[in-house]
2 protein chains.
Amino acid sequence: MMKRHYPTLAEVAKVAGVSLMTASRAINNRPGVSPEKREDILRIADEMGYVANRAAQKLTGARTRIIGVVAELHTPFTSDLLLGMGAVARAADYEMLVYSLPVCDRRPPHSIIEMLRQIADGVIVILPYESDYLESMATAHIPVVTIEQGIESAFPSVTADNYQGGCAALRHLIELGHRRIAFISGNDRLTSARDRRRAYRDVLAQARLPYDPALEVDGDFLRKSGFEAAQKLLALDDRPTAIFAANDTSAYGAIAAIREAGLSVPGDISVVGFDDIPIASQLHPQLTTIRQPLQQMARASVNLLLALIAGLDAPSEQIVLPTQLIVRESTTPLKVKRKKEEAVKVERASVGR
Amino acid sequence: MMKRHYPTLAEVAKVAGVSLMTASRAINNRPGVSPEKREDILRIADEMGYVANRAAQKLTGARTRIIGVVAELHTPFTSDLLLGMGAVARAADYEMLVYSLPVCDRRPPHSIIEMLRQIADGVIVILPYESDYLESMATAHIPVVTIEQGIESAFPSVTADNYQGGCAALRHLIELGHRRIAFISGNDRLTSARDRRRAYRDVLAQARLPYDPALEVDGDFLRKSGFEAAQKLLALDDRPTAIFAANDTSAYGAIAAIREAGLSVPGDISVVGFDDIPIASQLHPQLTTIRQPLQQMARASVNLLLALIAGLDAPSEQIVLPTQLIVRESTTPLKVKRKKEEAVKVERASVGR
DNA sequence: CAGCCGAACGTTAGCGCTAACGTTCTGTCG
DNA sequence: CGACAGAACGTTAGCGCTAACGTTCGGCTG
């Protein structure tokens with residue numbers, strides 16, 4: 001590790017034969033330098049391998065062109081969001097630094113925002129599913145944008161339209177002819193889960209279908225809960241012909257239970273998930289699901305933050321982005337199966353008792 | 001966004017009625033302050049919500065207690081590694097900031113290391129699978145540790161023992177009685193892929209089993225390549241009874257192909273993967289695989305970096321951590337199936353032609 | 001009791017940079 | 001041709017902090 005000294009702006013200026021301030025102006029592309037001199041300075045800086053010291057820049061109150069992101073890395077879409085955000089940020093000549101929230105730690109997150117505040121020009125917080133540190137961010141006088149996956153915040157924010165997605169999922173099943181449609185819920189402490197449940201009930205009502213509480217089973221977004229919920233549903237006398245699971249993971253749990261019971265998806269039961277996780281298009285059956293607009297969320301959040309940094313004091317904006325129904329193999333029209341379905345049911349009933 | 005001003009050390013000192021330097025000493029837990037005064041200052045700093053300005057600290061050449069990590073977020077185990085590293089760092093009272101490498105971008109990565117250098121006390125680089133920017137890091141005079149997933153570096157580094165893992169996988173199959181064992185390779189530009197292939201050949205030789213080039217199919221770690229490779233293997237006159245896939249993703253691809261051909265795993269063909277990706281214990285069949293020592297890698301890399309930061313000029317250390325065979329459902333002893341296997345083969349042969 | 005030593009402080013300089021002023025010099029217009 | 005504007009620079013101060021020195025003072029030694 002050789003202790004070579006990185007050149008400072010003063011050294012660049014000296015070599016270029018100008019004052020420190022002229023060099024600063026040239027490098028930051030500010031007026032007050034003649035074109036020839038500017039080019040000269042830029043060339044010399046480049047040759048010397050000059051890199052601006054962001055710590056010093058930030059200390060003087062200037063922009064560092066860094067945005068900070070606070071996120072829980074283990075949460076499903078986080079890496080996709082981060083990749084998208086990084087690309088958008090870089091396109092705007094910003095760099096992005098990520099602070100990875102510990103999984104379960106109650107240390108004051110105040111200091112984390114503080115730390116980023118000292119480095120970055122603004123912060124995007126991808127709100128974890130469960131968090132109690134929103135208030136502590138309120139004092140940070142640095143632009144903050146939140147991406148909400150489950151919790152509402154008072155900051156300018158970006159969210160996926162879970163309600164609309166849930167409606168689309170259910171309408172899809174209804175259009176396929178299904179009438180007995182079950183719902184495996186998510187963790188209702190999260191707005192996303194509540195919105196999806198609300199969509200289930202609302203669309204049922206709109207379609208004038210009866211609401212059967214037995215068809216609405218509680219889950220928690222995990223595979224196991226989907227598995228167990230489906231077992232409960234299969235044990236019903238009049239079991240559903242379709243299931244809307246609050247997310248893909250629990251949908252696959254439900255599918256596993258259905259198969260274990262000797263039934264097929266979508267042959268016997270259609271299943272819709274939510275999220276469009278990457279393997280949803282690879283596993284068998286490829287899952288019909290609702291795609292989260294991750295790229296748009298990434299783009300919108302970064303652009304919103306950059307606008308705030310630029311001083312456009314946008315009123316506390318709440319951006320809600322549309323989700324999209326992706327039809328794959330796990331759903332199929334009901335009608336053609338009706339008779340076979342009935343036959344199987346009778347058969348099983350007689351065998352069972 | 002109220003423009004409340006965060007207290008500086010000078011303000012804390014003023015309120016405490018001491019000089020700025022005494023306050024600094026107290027807060028940084030350095031000698032030269034009487035116990036009573038120290039406690040006083042700490043209390044007041046806490047009350048005022050003082051947070052040290054890392055930019056200013058770094059500017060004076062002091063430690064910031066931040067470690068930087070450069071990683072490609074979309075690469076398989078990155079989030080697990082990062083979570084582990086974050087936990088270890090926090091335990092040592094360090095914070096961690098992650099720079100997410102763009103997927104494919106040829107911008108000089110020099111400036112990224114530079115940026116982190118100005119903020120952090122040391123940097124861990126999780127080497128992406130394909131990269132040409134190792135040299136540009138060489139000039140950074142800041143401790144650097146690499147985690148190698150595919151490329152060798154000249155820095156102190158931490159790696160998983162791919163060769164040993166490959167050996168374990170193959171020995172497992174041989175112990176189960178398999179003799180015709182195929183290999184679906186990874187991308188050979190990566191040392192990890194080469195090491196696994198080398199293990200395949202070496203163990204075959206050690207076991208005095210014949211090496212059949214037809215059983216060694218090229219892949220690229222992706223699901224599709226596993227699928228296609230397995231199709232080739234199934235088309236062989238004398239098809240293998242076991243497959244060692246260079247990673248779990250391609251292993252599941254192979255399993256999909258085997259099933260599509262009407263065969264079962266492990267009934268007809270045993271499959272071993274490599275990596276132990278999270279879903280390997282959830283999908284059907286649960287995959288026998290080689291677990292990467294991610295937690296140990298995280299721990300080792302952070303500890304190594306902290307040692308370097310502490311000035312223990314450890315000689316360019318290369319830490320290789322052992323992998324672990326995880327036996328699940330996708331492998332089974334050959335012998336009991338021998339006759340049935342033969343029967344099936346004859347049957348298929350006669351039907352086929 | 002002079003001399004000295006070390007603990008407990010305070011003061012100064014400077015890290016690398018930028019904002020906010022000076023300063024110089026050229027052109028330009030009444 | 002003086003006054004004045006404005007472009008092209010240079011100088012100064014200071015961001016918040018710490019290293020490296022001063023300074024003070026109680027206590028100990030011979």
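Throughout, a chain's letter reflects where its sequence line sits, starting with A, and its residues are numbered from 1.
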Result block: side-chain N/O donor-acceptor pairs under 3.5 angstrom for residues 76-86 of chain A, not counting sequence neighbours:
{"unit_1": "A:T78", "atom_1": "OG1", "unit_2": "A:E72", "atom_2": "O", "d": "3.0"}
{"unit_1": "A:T78", "atom_1": "OG1", "unit_2": "A:T75", "atom_2": "O", "d": "2.9"}

| said: Please tell me whether B:Y6 and A:E114 have a donor and an acceptor in their side chains that are separated by less than 3.5 angstrom. | reply: yes
* Considering only heavy atoms from C-beta outward, does the side chain of A:T159 approach that of A:L321 to under 4.5 Å? -> no
note: B:I27, atom CD1; D:dG16, atom P; distance rounded to Å ~ 14 Å
Going 5' to 3' through nucleotides 4-10 of chain C and flagging B where a protein heavy-atom sits under 4.0 Å of the base, S where only the sugar-phosphate is that close, and - otherwise, we get ----SBB
From CD of A:E114 across to C1' of D:dG16 the rounded distance in Å is 14 Å
The correct set of residues in residues 56-68 of chain B placing a heavy atom under 4.0 Å from DNA chain C is B:L59, B:T60
Angle separating the five-pair end axes of the helix from C:dC1-D:dG30 to C:dG30-D:dC1, nearest 10°, is 50°
note: A:D121, atom CG; C:dT18, atom P; distance rounded to Å ~ 13 Å
Review point. Do A:R63 and A:Y94 meet the cation-pi criteria used here (NZ or CZ under 6.0 Å from the six-membered ring centre, within 45° of the axis)?
Key: no
To the nearest angstrom, the NZ-C1' distance between B:K14 and D:dG16 comes to 15 Å
Contacts of B:T60 meeting side chain to side chain donor-acceptor pair (under 3.5 Å) (sequence neighbours excluded), chain-then-number -> none
Contact between B:V51 and A:Q118 at the side-chain level, heavy atoms closer than 4.5 Å - yes or no? yes
Check: B:L97 and A:Y99 side chains under 4.5 Å, non-hydrogen atoms: yes
Quiz item: Looking only at side-chain N and O atoms, does B:N53 come under 4.0 Å of OP1 or OP2 in D:dC15?
Solution: no
Item to complete: Would you indicate whether B:R299, at its atom CZ, is surrounded by more than 12 heavy atoms from other residues, nucleotides or ligands within a distance under 6.0 Å?
Response: no
Is it true that the side chains of B:Q57 and B:T64 contain a donor and an acceptor less than 3.5 Å apart? no
Residues 43-56 of chain B vs salt bridge (charged side-chain N to carboxylate O under 4.0 Å, His left out), sequence neighbours excluded, gives B:D40-B:R43, B:R43-B:E47
Of B:I27, B:V12, B:N29, the one forming a side-chain contact (heavy atoms from CB on, under 4.5 Å) with B:L42 is B:I27
To the nearest angstrom, the CD1-P distance between B:I41 and D:dC17 comes to 14 Å
Can you tell me if the side-chain N/O atoms of A:Y6 get under 4.0 Å from OP1 or OP2 in C:dC15?
no
